[in-house]
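What follows is a short report on a single structure.
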Amino acid sequence: MTVRTRFAPSPTGFLHIGGARTALFNLLHARRHGGTFLLRIEDTDKARSTPEAVQQIMDSLAWLGLTPDEPPVFQSTREARHAEVAHQLLAQGKAYRAYETPEELVAMRERAMAEKRPPRYDGSWRDRQPGPEHEGKPFAIRIKAPQGGETVVEDLVQGTVRVANAELDDMIILRSDGTPTYLHAVVVDDHDMAITHVIRGDDHLTNTFRQCMVFDAMGWHRPRFAHVPLIHGADGAKLSKRHGAVGVLEFRDQGLLPEAVCNSLLRLGWGHGDEEIIARERAEKIFDIADVGRAASRLDHAKMLHVNGIWLRQSTPERLLPEVLARLRAMGVEPGADALARLEMLLPALQERAKTVHDIADGALFAMADGAPEPDAKSAALLTPDARARLADLAEFLSTAPWERKDLEVWLRDYSDVKAIKLKEVAQPLRVALTGSTMSPPIDLTLAVLGREEALARIRAAAAQPT
RNA sequence: GUCCCGUUCGUCUAGAGGCCUAGGACACCAGCCUUUCACGUUGGCAGCACGGGUUCGAAUCCCGUACGGGACGCCA
């Protein structure tokens, strides 16, 4: 049987890292077994679902490269089918009508809690026939929970999990307004979509037993389950959209690469020996859902930045250029033809040093317009009278140099030899003159990028600067 | 409250009874490299929650305790 997995978010907010990782695991598991990865939007909560959230989720998945193999299924379009199944169970005597109002049920729950009893439905209507007085009254359909024994789930991550059926109550599968409940809709959809492996957060683990009731009552094969531990927030609690959860797209906006984000997510709860940097292609070969651990984890932002730096270095200038340009524009910088040429020269050196795309853009700023940026106090302090005199001298010296990076390096070394000083003593003030900063790509490159005219102008400007 | 799940350096993890004097990565500290920064590199700091058992031998198996998380909805 072909493996089919699905990611089934509810569109009530942005996609956060927990959901993204679940989607990743689903895709990887499908790929590993030559199967299909699907997306189902669980939008049956009309009050909280929004089209914006749907779009956001799709954008997030697309950015991460987790696009489903088939068009997404919208759960809301399948309500007739959900109701059909519920009524079928009713007709078969595997479910029954219950006439309590939601208010009465809330009261029952509160009473149970107050008396320190488990807040379970007592099954009042399980064997009760509605009388004439119930004619036309709204009712919910509840499924009959198995009465004795236990329900066992062989979970691919959690192992064998069992629960006494006495813990289960007769849950509602169809509301009094005719709409399905989540626990019911999920089962019907997973069955109809021929899902073979349900990979989801372990907050659904205990729900699984209730879902099994529907699978079993319908005589359907249960899919394999794999309940992945949650990613916790900094406070150690379940990630929620309200409490510090980070949206996937925020990572993009922070200048991270999707490859790096996926790589980081992959390493949460799962490892393969000492491998840290794992590309998608490799992950599809070695990922095994059974290797996922059972403990919750947290995302370490510092480590993700480090991983991003590695991906940045492994990336190509061609790949990065559009990203950097986008960032530059976001900063209000629109590089012209000259600036673009400089950027392209700079890119290989910049990506070598950066942790994020933002770092690259920042590092290129000095070359995006004529004139050196205003130096900060620390850098300006390097421009002592002596240093400025040296810069003036250096400007003369370099004015006849061939303006190629290799030559410039040789000329600078010669200069420091002749003056019997360290290259560093020449390079640092020069760096400040050229970039307004003590940090830049190699000084020969920096000179070369700016071109003879602009470089010499900056050096002379710094040399002429009053104290 | 009831049920379910978990607990290896600060964080992510390796570890399926002897290979563990517990390995790697990030972060941190010190050194090296160096044209600044970054990279790289060398070394350091730091962990099997606790208590019982099983065994010749336990991070690994069993039981309990503590702590943490999750679920108990006519939400998903």
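Each chain gets a letter, A, B and so on, in the order its sequence line appears, and its residues count up from 1.
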**Q.** Nucleotide B:G24, atom C1' - distance to CD1 of A:Ile278 in whole Å
**A.** 12 Å

**Q.** For B:C3, the Watson-Crick or wobble partner whose two distances fall under 3.5 Å
**A.** B:G70

(Q) How many whole angstroms separate atom CG of A:Leu205 from atom P of B:C72? (A) 12 Å

Q: Would you mind telling me which of B:G6, B:C26, B:A76 lies closest to the side-chain atoms of A:Arg294?
A: B:G6

Q: Determine which nucleotide pairs with B:G17, using a 3.5 Å limit on both distances of a Watson-Crick or G-U wobble pair.
A: none

Q. Does any nucleotide pair with B:G64 by Watson-Crick or G-U wobble geometry, both distances under 3.5 Å, and what is it?
A. B:C50

**Q.** Set of residues satisfying ring-ring contact (aromatic ring centres under 6.0 Å, His included) with respect to A:Tyr99, sequence neighbours excluded
**A.** A:Trp125, A:His134, A:Phe139

Report, one pair per line, the protein and nucleotides 28-35 of chain B atoms (nitrogen or oxygen only) whose separation is under 3.5 Å.
from: B:U35; atom 1: OP1; to: A:Arg413; atom 2: NH1; distance (Å): 3.4
from: B:U35; atom 1: O2; to: A:Arg431; atom 2: NH2; distance (Å): 3.1
from: B:U35; atom 1: O2; to: A:Ile443; atom 2: N; distance (Å): 3.2
from: B:U35; atom 1: O4; to: A:Asp444; atom 2: OD1; distance (Å): 3.4
from: B:U35; atom 1: O4; to: A:Asp444; atom 2: OD2; distance (Å): 3.1

Q.
Do A:Thr208 and A:His227 pair up side chain to side chain, a donor and an acceptor below 3.5 Å, judged on atom types alone?
A. yes

Q) Are any of A:Lys355's side-chain N or O atoms less than 4.0 Å away from OP1 or OP2 of B:C39? A) yes

Q: Confirm from the modelled atom types if A:Arg353 and B:C37 form a donor-acceptor pair under 3.5 Å, side chain to base only.
A: yes

Q: For B:A22, give its Watson-Crick or G-U wobble partner with both distances under 3.5 Å, or none.
A: none

Q.
Partner lookup for B:C28, please. Criteria are Watson-Crick or G-U wobble with both distances under 3.5 angstrom; report none if nothing qualifies.
A. B:G44

**Q.** A:Arg175 vs B:C75: side-chain N/O to OP1/OP2 distance below 4.0 Å
**A.** yes

Q. Within this structure, what is the CG-to-P distance between A:Asp45 and B:C74, rounded to whole angstrom?
A. 14 Å

Q: Decide yes or no for A:Gln75 and A:His82: does some side-chain heavy atom of the first lie under 4.5 Å from some side-chain heavy atom of the second?
A: yes

Q | For A:Ser49, all residues meeting side chain to side chain contact (heavy atoms under 4.5 Å, CB included), sequence neighbours excluded | A | A:Pro11, A:Thr12, A:Asp43, A:Asp45

Q. Could you run down nucleotides 16-23 of chain B 5' to 3' and tag each one B, S or - for protein heavy-atom contact under 4.0 Å?
A. -------B

Q. Got a second to check how far A:Trp403's CH2 is from A:Leu447's CG, nearest 0.5 Å?
A. 5.0 Å

Q. Counting only Watson-Crick or G-U wobble pairs whose two distances fall under 3.5 Å, which nucleotide matches B:C75?
A. none

Q. Please, which pairs that meet salt bridge (charged side-chain N to carboxylate O under 4.0 Å, His left out) have at least one residue in residues 174-189 of chain A, sequence neighbours excluded?
A. A:Arg40-A:Asp189, A:Arg78-A:Asp189

Q) How would you list all residue pairs meeting ring-ring contact (aromatic ring centres under 6.0 Å, His included) that involve residues 417-443 of chain A, not counting sequence neighbours? A) none

Q) Separation of A:Ile173 atom CD1 from B:A76 atom P, in whole Å? A) 14 Å

Q.
Suppose we define a pair by two distances each less than 3.5 Å, Watson-Crick or G-U wobble; what does B:A59 pair with here?
A. none

**Q.** Contact list for residues 158-174 of chain A, test salt bridge (charged side-chain N to carboxylate O under 4.0 Å, His left out), sequence neighbours left out
**A.** A:Arg120-A:Glu167, A:Arg126-A:Asp170, A:Glu150-A:Arg162, A:Asp169-A:Arg210

Q: Please state how far atom CG in A:Asp169 lies from atom C1' in B:C3, giving the value in whole angstrom units.
A: 12 Å

Q: Treat primed atoms plus P, OP1 and OP2 as sugar-phosphate and everything else as base, then score nucleotides 60-68 of chain B 5' to 3': B for base contact with protein heavy atoms under 4.0 Å, S for sugar-phosphate contact only, - for none.
A: ---------

Identify all pairs in which a protein N or O lies below 3.5 Å from an N or O of nucleotides 9-12 of chain B, and state each distance.
from: B:C12; atom 1: OP1; to: A:Arg298; atom 2: N; distance (Å): 3.1
from: B:C12; atom 1: O2'; to: A:Arg267; atom 2: O; distance (Å): 2.8
from: B:C12; atom 1: O2; to: A:Lys303; atom 2: NZ; distance (Å): 3.1

**Q.** Assigned partner base of B:C37, Watson-Crick or wobble definition, under 3.5 Å
**A.** none

Q: Could you work out which one of B:C74, B:C37, B:G70 sits closest to the side chain of A:Arg142?
A: B:C74

Q: Give the B/S/- string for nucleotides 41-50 of chain B, one per nucleotide from 5' to 3', where a protein heavy atom under 4.0 Å of the base yields B, of only the sugar-phosphate yields S, and otherwise -.
A: ----------

Q. Who are the side-chain hydrogen bond (donor to acceptor under 3.5 Å, both in side chains) partners of A:His301, not counting sequence neighbours?
A. A:Gln254

(Q) Using heavy-atom distances to pick each residue's nearest nucleotide on RNA chain B, tell me which of A:His306 and A:Thr179 is more 5'. (A) A:His306

Q) For A:Leu434 and B:C37, what is the distance between atoms CG and P respectively, to the nearest whole Å? A) 17 Å

Q. Can a donor-acceptor pair under 3.5 Å be found between the side-chain atoms of A:Ser176 and the base atoms of B:C74?
A. yes

Q: Check whether any side-chain N or O of A:Lys355 sits under 3.5 Å from a backbone N or O of A:Leu305 as a donor-acceptor pair, and report yes or no.
A: no

Q | Residue list, ring-ring contact (aromatic ring centres under 6.0 Å, His included) with A:His191, at least two apart or on another chain | A | A:Trp220

(Q) Quick check: on RNA chain B, is the nucleotide nearest A:Asp177 upstream (toward 5') of the one nearest A:Asp203, or the reverse? Name the residue that is more 5'. (A) A:Asp203

(Q) Keeping A:Asn165 on the side-chain end and A:Pro146 on the backbone end, is there a donor-acceptor pair under 3.5 Å? (A) no

Q | Note, A:Ile195 side chain near A:Leu38 side chain (heavy atom, < 4.5 Å) | A | yes

Q: Please state how far atom CG in A:Asn263 lies from atom P in B:A25, giving the value in whole angstrom units.
A: 15 Å

